[in-house]
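Have a look at the structure that comes next, please.
Ligands are counted one by one from 1 in listed order, and the atoms in each one are counted from 1 as well.
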Amino acid sequence: MRLQNKNIIVTGGASGIGLATVELCMQEGANVIMADLPHDEHVQTASDLSSRYTGRCIFVATDVSSSAQADQLIAATVADFGSVDGVFNNAGIGGMSPADLYTDEDFLHILDINLTGVFRIARASLRQMYAQGSGSIVNCASILGVMGQSMTAAYSAAKGGVVNLTRTLALEAASKGVRVNAVCPGYIDTPLLSALDDNMRQFLIDLHPLGRLGKSEEVASAVVFLLSDESSFITGTPLMVDGGFTAGKS
Ligand code: NAI
């Protein structure tokens, strides 16, 4: 098992890509700290997962827009499990609008969750991982971190920021035994896309050379690879998980 006895935090771990990653980490022998906005159901989900696998899963209510809660998540993990071996910085929100119609408030809200939220959790994690001398952080970016798309000014600015934040953190952390990478999913069939009508869905499918949307489990596989020692010589990399979306036009 690739994550045997490792303690892994997954933010936004209660839904979609995050939940699939929580489950795959459990399958790979990890203890998992599922962090997400508070909800009674999430406590039950974590308890159900613990009963199905050898590792332990707990839910820690965490809003990534709060530095205090980010710090508390790391402190709670260390208090309970002793170390933070891996973090999947996945919590995020969508949002579409023409750039000229964005209010400051709406634009900054998306940046606050999708970019500063990643920074808050990474900062708290790095402090702990530097003390340990080891760790692996995986940030969730997007194809919209490496290319633009109309109607996504705030989201693509945030995800572009995540890609370059990843590179800089990787450089700072390299000499301290800590790796930092990103995944860049194409369009993945999760609750984030549930508002799409059939035409829009088909439009998005057609943009992927592999001819379909991705599955959460396919992103989770890439994340577990980057969290595990299998990727021990990889750091600062944005890994495309996009069905060929960013490869070019055929
Ligand atoms: P989702 O909506 O299914 O899950 C997102 C999770 O983040 C939810 O559980 C939500 O409660 C949590 N969350 C939202 N705000 C939070 C906050 N302030 N603090 C803590 N948790 C918070 O979405 P999905 O699709 O699984 O997305 C996960 C990540 O993947 C996001 O960062 C998203 O931008 C990224 N992504 C998704 C793509 C897609 O097509 N679904 C494509 C590329 C990237």
Could you check whether D198 and Q202, counting side-chain N and O atoms only, form a donor-acceptor pair closer than 3.5 Å?
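No pair is found: no donor N or O on one side chain lies under 3.5 Å from an acceptor on the other.
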Between S50 and R56, does any side-chain donor sit less than 3.5 Å from a side-chain acceptor?
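No, R56 and S50 have no side-chain donor paired with an acceptor closer than 3.5 Å.
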Parallel, tilted or perpendicular for H208 and Y187, by the 30°/60° rule?
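Perpendicular: the ring planes of H208 and Y187 meet at over 60°.
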Distance-only donor-acceptor check, side chains R179 and S232, under 3.5 Å
no
Under 4.0 Å from ligand 1 - residues by heavy atom, chain and number
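G12, S15, G16, I17, D36, L37, T62, D63, V64, N90, A91, G92, I93, I113, C140, A141, S142, Y155, K159, P185, G186, Y187, I188, T190, P191, L192, L193.
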Identify whether the distance between the nearest side-chain nitrogen and carboxylate oxygen of K6 and E28 falls below 4.0 Å.
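Looking at E28 together with K6, the answer is no, because their closest N to O distance does not fall below 4.0 Å.
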Heavy atoms of other groups near D40 CG, more than 12 under 6.0 Å
no
